[in-house]
Amino acid sequence: QVHPVESGGGLVQAGGSLRLSCTASGRTFNMYGMGWFRQAPGKERDFVAAIRWSGGGTYYADSVKGRFTISRDNAKNTMYLQMNNLKPEDTAVYYCAAATSPLSRGAEMYDYWGQGTQVTVSS
């Protein structure tokens with residue numbers, strides 16, 4: 001099992017950057033595909049990005065492609081989401097999740113979830 005914990009959220013102006021981190025306990029971190037999701041008030045939880053256990057494959061939602069970069073450091077049991085050129089519509093609670101499947105955009109494929117970190121982008 002892994003237990004993800006997110007950090008790095010905050011308030012930033014439009015056009016700014018933030019880096020989210022997800023640190024997961026457990027010795028099997030490198031066996032899981034990892035993903036980021038986000039949920040804005042009154043909306044469903046949406047896929048943002050995913051990365052294979054090896055870090056060799058990544059997948060992005062169209063809305064963040066070219067602005068966000070997902071990466072992982074298995075030696076540190078940590079995954080990252082570098083967010084550049086942030087827009088007000090990126091405002092949401094961002095969740096980190098772990099899946100036994102290697103790469104998926106479906107929330108139902110993820111087994112373990114963090115508590116989320118708030119990202120607010122002001123215009």
Side-chain angles (χ1 to χ4, degrees):
Q1 293 186 354
V2 293
H3 302 283
V5 178
E6 305 92 341
S7 62
L11 173 64
V12 64
Q13 289 187 334
S17 298
L18 281 176
R19 189 176 79 157
L20 305 182
S21 298
C22 171
T23 300
S25 61
R27 292 177 293 177
T28 57
F29 176 80
N30 61 359
M31 296 176 62
Y32 289 84
M34 301 292 295
W36 288 99
F37 290 77
R38 65 186 182 186
Q39 188 167 19
K43 295 188 177 181
E44 295 184 352
R45 189 170 297 190
D46 290 332
F47 170 77
V48 175
I51 188 167
R52 287 184 181 274
W53 67 269
S54 65
T58 57
Y59 186 34
Y60 295 92
D62 288 343
S63 59
V64 306
K65 202 172 294 183
R67 300 188 297 123
F68 291 11
T69 302
I70 189 172
S71 62
R72 66 190 294 167
D73 185 339
N74 287 341
K76 296 182 178 180
N77 281 14
T78 301
M79 175 179 67
Y80 305 96
L81 185 68
Q82 177 66 44
M83 305 185 294
N84 298 328
N85 190 21
L86 282 160
K87 304 175 181 180
E89 51 264 43
D90 294 319
T91 296
V93 177
Y94 283 70
Y95 296 91
C96 164
T100 52
S101 59
L103 195 69
S104 176
R105 66 177 298 156
E108 69 279 4
M109 299 300 293
Y110 289 80
D111 305 291
Y112 305 101
W113 293 82
Q115 294 300 306
T117 185
Q118 177 71 46
V119 171
T120 303
V121 184
S122 64
S123 57

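Numbers for residues simply follow the sequence, beginning at 1.
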Take T100 and M109 through the side chain to side chain contact (heavy atoms under 4.5 Å, CB included) test and state the conclusion after the steps.
CA-CA 8 Å; T100 52; M109 299 300 293; over 6 Å; no
Is a donor on one side and an acceptor on the other found under 3.5 Å between the side chain of Q115 and the backbone of E6?
no
What distance do R72 atom CZ and S21 atom OG have between them, rounded to the nearest 0.5 Å?
13.5 Å
Under 3.5 Å, which donor-acceptor pairs link side chains of residues 40-59 to any protein atom two or more places apart or in another chain?
residue, atom, partner, partner atom, Å
S54, OG, G56, N, 3.2
Y59, OH, R105, NH1, 3.1

D111 side chain to A99 main-chain N or O, any donor-acceptor pair under 3.5 Å?
no
Within-4.5 Å side-chain heavy-atom neighbours: T120 and V12
no
Heavy-atom pair of closest approach, residues N85 and S17
N-OG, 4.3 Å
Please check this pair: side chain of S104 against backbone of G106, looking for a donor-acceptor N/O pair closer than 3.5 Å.
yes
Donor-acceptor check, side chain of T117 to backbone of G9, threshold 3.5 angstrom: yes or no?
yes
Hey, is the main chain of D73 close enough, under 3.5 Å, to the side chain of Y80 for a donor-acceptor pair?
no
Let me see the working for F68 and N84 under side chain to side chain contact (heavy atoms under 4.5 Å, CB included), right down to the final yes or no.
CA-CA 6 Å; F68 291 11; N84 298 328; over 6 Å; no
Identified side chain to side chain contact (heavy atoms under 4.5 Å, CB included) partner of R67 from the options K87, Q82, M83
K87
Decide yes or no on side chain to side chain contact (heavy atoms under 4.5 Å, CB included) for L20 and V119, but give the supporting numbers first.
CA-CA 9 Å; L20 305 182; V119 171; 4.0 Å; yes
Do M34 and S71 make a side-chain contact, defined as non-hydrogen atoms from C-beta onward lying under 4.5 Å apart?
no
If you take all heavy atoms of A98 and V2, which pair is closest and at what distance?
CB-CG2, 3.4 Å
Rounded to the nearest 0.5 Å, what separation is found between the OH atom of Y95 and the CD atom of Q39?
5.0 Å
Between T91 and V121, is there a donor-acceptor pair closer than 3.5 Å when you use the side chain of the first and the backbone of the second?
yes
What class does the angle between the rings of F37 and W113 fall in, given that below 30° is parallel, 30 to 60° is tilted and above 60° is perpendicular?
tilted
Closest approach of Y60 and I70, non-hydrogen atoms and distance?
OH-N, 2.8 Å
Going by heavy atoms in the side chains, are L11 and Q118 under 4.5 Å from each other?
no
What pairs meet the disulfide bond (SG atoms under 2.5 Å apart) rule with one or both residues in residues 5-98, with sequence neighbours excluded?
C22-C96
